[in-house]
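Accompanying notes for the structure given below.
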Amino acid sequence: SKKKGLSFEEKRARMMEIFFETVDVFQLKDIEKIAPKEKGITSMSVKEILQSLVDDGMVDTDRIGTSNYFWAFPSKALHARKRKLEELESQFAESSKKKEALQKSINTSKIGREDTAERAALTEELAVLRQEKEQLKAEMDKYRECDPDMVEEMRQTNKIAKEAANRWTDNIFSIKSWAKRKFGFEESRIDKSFGIPEDLDYVE
């Protein structure tokens with residue numbers, strides 16, 4: 001059967017073994033020779049795997065002259081793991097505190113809300129009262145037009161609309177009169193040209 005290739009993480013782990021087992025400093029060309037032979041990592045993927053380890057701070061690199069050198073010592077990896085572990089433990093402790101505070105808040109909010117027969121009856125009564133409120137509101141809306149304040153508001157609105165209509169009617173009559181004097185147009189011609197109704201008059 002065909003041999004299954006190494007996963008990306010497996011290649012990373014095996015490359016780290018090269019550094020930890022030798023505790024040495026390498027150039028890229030050295031890794032490209034060692035990795036395929038000793039760790040089964042294809043030479044074409046060596047550069048990509050190495051760069052990912054550098055990006056994650058697991059492998060150190062420096063340029064000396066025209067060459068790049070790479071190294072990773074077990075002591076640094078150990079310290080990095082310890083720091084990561086401490087960070088995760090701190091996050092876990094913080095999360096535990098938040099969870100505990102939330103649980104206390106939930107427990108406090110439940111006080112007085114226990115499912116008792118009395119609470120069930122009050123909840124049912126509240127639902128009935130809300131329904132009655134909606135029905136009364138609907139009834140009030142039906143008779144709103146008879147409300148004195150509403151009637152007075154409508155009267156005022158109608159008064160303003162009437163005054164505005166008569167003001168525009170007055171303006172139209174004035175313009176028609178001016179056009180007849182200025183150009184000698186007949187009134188019927190002016191009405192037809194501008195779509196003015198023949199029976200246009202003031203609103204009583």
Could you list the residues that satisfy side-chain contact (heavy atoms from CB on, under 4.5 Å) with [X], not counting sequence neighbours?
X	result
S7	E9, E10
T22	D24, F26
W178	R181, K182, F183
E100	K104

Listing, residues 48-61 side-chain donor-acceptor contacts under 3.5 Å, not counting sequence neighbours, or none:
from : atom 1 : to  : atom 2 : distance (Å)
Q51  : NE2    : D55 : OD1    : 2.9
S52  : OG     : R12 : NH1    : 2.9
S52  : OG     : I49 : O      : 2.7
D56  : OD2    : R12 : NH1    : 3.1
D56  : OD2    : R12 : NH2    : 2.9
D60  : OD1    : K76 : NZ     : 2.4
D60  : OD2    : K76 : NZ     : 3.0
T61  : OG1    : Y69 : O      : 3.1

To the nearest 0.5 Å, what is the distance between [atom1] ([X]) and [atom2] ([Y])?
X	Y	atom1	atom2	answer
D62	S67	CG	OG	11.5 Å
Q156	I160	CD	CD1	6.5 Å
I34	R14	CD1	CZ	15.5 Å
E163	D170	CD	CG	13.0 Å
F194	R189	CZ	CZ	10.0 Å

Considering non-hydrogen atoms only, spot the tightest contact between K11 and I41 and give its length.
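K11 and I41 have their closest heavy atoms at O-CD1, 3.5 Å.
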Specify the closest pair of heavy atoms between V46 and A35, including all atoms of both residues, with the distance to one decimal.
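Here V46 and A35 meet closest at CG2-CB, 3.8 Å.
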Do the side chains of [Y] and [X] get nearer than 4.5 Å, heavy atoms only?
X	Y	result
Q27	N68	no
W71	V23	no
F70	L28	yes

Within one Ile-Leu-Val-Met-Phe-Trp-Tyr cluster: F173 and I175, side-chain cutoff 4.5 Å:
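Different clusters.
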I64-V25 co-clustered via ILVMFWY side chain contacts under 4.5 Å
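Cluster IDs for I64 and V25 match.
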Ion pair present between E21 and K39, side-chain N to carboxylate O less than 4.0 angstrom?
yes
Under 3.5 Å donor-acceptor pairs involving side-chain atoms of residues 122-138, not counting sequence neighbours:
from : atom 1 : to   : atom 2 : distance (Å)
T123 : OG1    : R119 : O      : 2.8

Please indicate whether Q91 has more than 12 foreign heavy atoms, meaning atoms of other residues, nucleotides or ligands, lying under 6.0 Å from its CD.
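Atom CD in Q91 is packed in, count exceeds 12.
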Tell me yes or no: between the side chains of S177 and S174, is some donor less than 3.5 Å from an acceptor?
no
